[in-house]
Amino acid sequence: MNKINFQIRLPDDIQGLNLAENEEYFFIIQNAQERRLRLHDYAEVYSIPGLYEYILLEKLGYRSYEVMPALLVEKVTETGLVVEQLKILEIGAGSGLFGKALAKRGVASIIGVDKLQEAAVAANREAPGIYQEYIVEDLTKLSQSTQNKLEQLKLNCLVCCSALSKGHIPAAVFKAALNVIQKGGWVMFNISKTSYDNQINPSEFICFYREEISQGNLELYHTHVYEHRRFFNGQTLQHIAVLARKQK
């Protein structure tokens with residue numbers, strides 16, 4: 001991690017706050033100036049070297065970026081696939097934490113996608129050389145050249161780590177990404193267990209996922225419940241990692 005040039009202060013009443021994932025905030029002090037940022041103000045957070053990693057790893061005990069790559073490699077190699085044969089499309093790639101964990105486990109071909117230019121800059125800074133290419137585009141409105149490139153790569157795995165909660169990647173973007181993955185390819189994502197289990201008022205993504213399963217477009221292969229991270233007030237957040245295979 002880069003040397004930090006900032007200080008972090010949490011809200012004074014943090015123990016009494018019960019904020020959703022996308023509402024959590026903190027105060028950052030730089031050059032004697034203090035300002036408030038939400039954890040999900042990604043463009044601003046990525047623009048400050050080391051801030052995203054410091055908040056996630058040092059303050060919140062973030063684990064998904066390590067749990068999911070380990071699980072993916074374990075399960076796909078059980079089927080006889082060699083890790084080096086994985087050709088991964090990572091959507092919501094951010095600053096490259098997940099990409100680095102994949103590369104550490106022997107994955108050599110990773111295409112990163114994010115809608116934010118700040119994310120691409122951060123990934124180049126924090127995870128240089130990890131991505132074969134890092135695309136800054138809306139997957140639902142891909143340029144023809146990018147579409148052709150992705151098809152030529154014959155991608156056989158789609159991953160999305162910690163980018164499907166409210167205000168993150170829409171179901172339409174995930175569907176567009178799924179469309180460029182080869183038949184039989186692996187699909188992995190994580191989402192809060194509460195959202196995954198919701199039968200009364202499921203999110204747009206969960207509705208999409210359940211429909212893909214029911215229509216036979218995806219086949220569920222494995223699930224794993226684990227502690228994703230802590231909230232700022234110390235409460236834990238459980239996620240479920242889902243591994244499936246594309247059938248059509």
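Just so you know, these numbers use all the heavy atoms, side chains as well, and skip hydrogens, waters and symmetry mates.
Side-chain contact annotation: Gln132 with Ser109, donor-acceptor N/O pair under 3.5 Å present.
Remark: Asp41 pairs with Arg38 by the salt bridge (Lys or Arg N to Asp or Glu O under 4.0 Å) rule, at least two apart or across chains. A search for side chain to side chain donor-acceptor pair (under 3.5 Å) contacts involving His40 returns Tyr42, not counting sequence neighbours. Under the side chain to side chain donor-acceptor pair (under 3.5 Å) criterion, Glu24 pairs with Arg229, sequence neighbours left out.
A salt bridge does not link Lys166 to Glu21: none of the charged side-chain nitrogens sits closer than 4.0 Å to a carboxylate oxygen.
Counting only distance, with no hydrogens or angles, the side chain of Arg9 and the backbone of Phe27 share no donor-acceptor pair below 3.5 Å.
With Ile28 as reference, Leu51 is the one residue of Ile55, Leu51, Val45 to meet the side chain to side chain contact (heavy atoms under 4.5 Å, CB included) rule.
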What donor-acceptor contacts under 3.5 angstrom involve side-chain atoms of residues 79-94, with partners at least two apart or in another chain?
from  : atom 1 : to     : atom 2 : distance (Å)
Thr79 : OG1    : Val76  : O      : 2.6
Gln85 : OE1    : Val82  : N      : 3.0
Glu90 : OE1    : Tyr131 : OH     : 2.8

Distance-only donor-acceptor pairs under 3.5 Å for side chains of residues 96-105, two or more places apart:
from   : atom 1 : to     : atom 2 : distance (Å)
Lys100 : NZ     : Glu126 : O      : 3.3
Lys104 : NZ     : Glu66  : OE2    : 3.0
Arg105 : NH1    : Glu66  : OE1    : 3.1
Arg105 : NH1    : Ala101 : O      : 3.1
Arg105 : NH2    : Glu66  : OE1    : 2.8

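When hydrophobic clusters are built by joining Ile, Leu, Val, Met, Phe, Trp and Tyr residues whose side-chain heavy atoms come closer than 4.5 Å, directly or via intermediates, Leu218 is grouped together with Ile191. Under the 4.5 Å side-chain heavy-atom criterion for grouping Ile, Leu, Val, Met, Phe, Trp and Tyr, Leu220 is connected to Ile240 within one hydrophobic cluster. By the criterion of side-chain heavy atoms lying less than 4.5 angstrom apart, applied directly or through intervening Ile, Leu, Val, Met, Phe, Trp or Tyr residues, Met188 is not grouped with Val180; the two fall into different hydrophobic clusters. Linking Ile, Leu, Val, Met, Phe, Trp and Tyr whenever their side-chain heavy atoms come within less than 4.5 Å puts Leu60 and Leu19 in one cluster. The cluster map of Ile, Leu, Val, Met, Phe, Trp and Tyr, joined by side-chain heavy atoms under 4.5 Å apart, puts Ile8 and Leu57 in the same cluster.
The side-chain hydrogen bond (donor to acceptor under 3.5 Å, both in side chains) pairs that include a residue from residues 177-191 are Ser64-Asn190, Ser162-Asn190, Asn190-Tyr226, Asn190-His239, where partners are two or more places apart or lie in different chains.
By the 4.5 Å heavy-atom criterion applied to side chains, Leu243 and Val187 are not counted as neighbours. Side chains of Ile29 and Phe6 form no contact here, defined as non-hydrogen atoms less than 4.5 Å apart. Side-chain contact between Ser192 and Gln238 is absent, with no heavy-atom pair separated by less than 4.5 Å.
Taking NZ of Lys59 as the reference point, atom CD of Glu53 lies at 15.5 Å (rounded to 0.5 Å). A distance of 10.0 Å separates SG of Cys157 from CZ of Arg245, quoted to the nearest 0.5 Å.
In terms of heavy-atom proximity, Lys149 sits nearest to Glu133 at NZ-OE2, 2.8 Å.
Under the 6.0 Å cut-off for aromatic ring centres, Tyr209 and Phe189 qualify, their centroids lying closer than that.
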